[in-house]
Peer 1: 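If you scroll down you'll find the structure; I have some questions about it.
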Amino acid sequence: MSAFLEAVKKRRSYYNISRTSTLPDDKIAEIVKDAVKYTPSSFNCQSSRAVLLLGSHHDKLWSITTETLRKIVPADNFASTEQKMKAFGAGYGTVLFFEDQTVVEKLMTDFALYKDNFPVWSEQTSGMLQLVVWTALTEAGLGATLQHYNPLIDNEVKATWKIPDSWKLTAQMPFGKPEAEPGEKAFQPIEERVKIHK
Ligand SMILES: Cc1cc2nc3c(=O)[nH]c(=O)nc-3n(C[C@H](O)[C@H](O)[C@H](O)COP(=O)(O)O)c2cc1C
């Protein structure tokens, strides 16, 4: 088994994380930069963007998310939501994933024949990028999950970190030191999902 596939197998959703890092901040930044640089995109358009939030910036994100949800989640149900936000905030940092709509819209104009595909491909490249970051963080000993509080938090995120208006938030990935292993995962029979003809 290749080291790459081993890492893919090891990646899980780690909800129980703490504020310790298994590697220095500049190494985390390197993972995010390499992932953004080397993940493929349609027509090599390089539409993906990422923002790494550490320390008080990470805290601020989960405080924004908590306060945004407080306004819309019924008060009776809010305790469990708040608990969840606290668990993400308890981590070491968060990676924010974006897709630059300026790039997507230019492709739609320049290559009208494929117009409808570009927004789809943009989401696909973002998903590829998310998997690369998720797997690389896991390989480095960190645990992460994939969250989607967009578009609820978009405006405040943009205002807080001066994000260009054309960057569309696609996902949030809180990470930290894993404090508990995820439960066993059930898999469907692989033969029903992969067909081989030879
Ligand atoms: C496209 C996509 C969207 C997801 N969205 C969320 C999400 O919003 N919140 C969450 O807690 N997990 C989310 N997940 C995590 C999945 O629930 C999780 O990966 C799946 O149950 C398998 O578990 P594992 O990650 O431990 O292997 C998402 C995963 C994918 C691939």
Side-chain angles (χ1 to χ4, degrees), residues 1-19 22 31-32 35-36 39-42 47-51 53 58 61-73 77-99 104 117-157 167-190 192-194:
M1 179 64 55
S2 74
F4 171 73
L5 281 178
E6 279 301 338
V8 169
K9 277 189 183 180
K10 229 176 87 188
R11 181 225 51 82
R12 293 293 310 275
S13 294
Y14 286 88
Y15 290 94
N16 194 338
I17 51 175
S18 67
R19 187 158 298 199
T22 50
I31 285 176
V32 177
V36 168
T39 298
S41 57
S42 68
S47 52
S48 298
R49 308 284 180 262
V51 172
L53 301 176
H58 164 78
L61 175 79
W62 294 104
S63 144
I64 288 172
T65 310
T66 306
E67 294 319 311
T68 303
L69 292 173
R70 196 190 299 279
K71 288 177 204 144
I72 54 168
V73 174
N77 300 338
F78 192 66
S80 63
T81 301
E82 193 168 24
Q83 217 34 53
K84 228 165 116 181
M85 297 309 111
K86 271 200 182 129
F88 299 139
Y92 188 79
T94 303
V95 184
L96 300 178
F97 296 92
F98 300 85
E99 283 292 300
V104 179
N117 294 110
F118 288 115
V120 178
W121 288 337
S122 164
E123 293 291 333
Q124 289 176 350
T125 190
S126 182
M128 290 183 183
L129 169 62
Q130 291 157 34
L131 179 64
V132 172
V133 173
W134 199 348
T135 308
L137 289 176
T138 311
E139 206 192 17
L142 291 163
T145 60
L146 186 59
Q147 302 303 322
H148 297 95
Y149 293 101
N150 48 291
L152 292 172
I153 58 171
D154 289 22
N155 289 344
E156 211 166 335
V157 164
W167 291 22
K168 181 183 166 204
L169 186 60
T170 56
Q172 304 83 53
M173 186 170 286
F175 62 87
K177 181 171 168 250
E179 291 299 336
E181 283 304 308
E184 194 134 330
K185 190 160 83 164
F187 292 97
Q188 293 172 24
I190 199 63
E192 289 174 13
R193 301 179 63 198
V194 180

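Whatever order the structure lists them in is the order used to number ligands and atoms, beginning at 1.
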Peer 1: Distance check, rounded to the nearest 0.5 Å: Phe88 atom CZ versus Leu61 atom CG?
Peer 2: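 Phe88 CZ to Leu61 CG: 11.0 Å, rounded to 0.5 Å.
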Peer 1: Within a radius of less than 6.0 Å around CD of Glu123, do more than 12 heavy atoms belonging to other residues, nucleotides or ligands occur?
Peer 2: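 Enclosed.
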Peer 1: Taking atom types as modelled, is there a side-chain donor on Thr170 or Ser126 under 3.5 Å from an acceptor on the other?
Peer 2: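 Yes.
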Peer 1: Residues around ligand 1, heavy atom under 4.0 Å from any ligand atom, sorted by chain and number. Can you pull those?
Peer 2: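 The 4.0 Å shell around ligand 1 contains Arg11, Arg12, Ser13, Tyr15, Trp134, Leu146, Gln147, His148, Lys185.
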Peer 1: Taking salt bridge (Lys or Arg N to Asp or Glu O under 4.0 Å) as the test, write out the residues that go with Arg19, two or more places apart.
Peer 2: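 Applying salt bridge (Lys or Arg N to Asp or Glu O under 4.0 Å) to Arg19 gives Asp59.
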Peer 1: Tell me, with the steps shown, if Val51 and Thr94 meet side chain to side chain contact (heavy atoms under 4.5 Å, CB included).
Peer 2: CA-CA 8 Å; Val51 172; Thr94 303; over 6 Å; no
Peer 1: Would you mind checking if Lys177 and Glu179 are paired as a salt bridge, meaning a charged N to carboxylate O distance below 4.0 Å?
Peer 2: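 A salt bridge is present here (some side-chain N lies under 4.0 Å from a carboxylate O).
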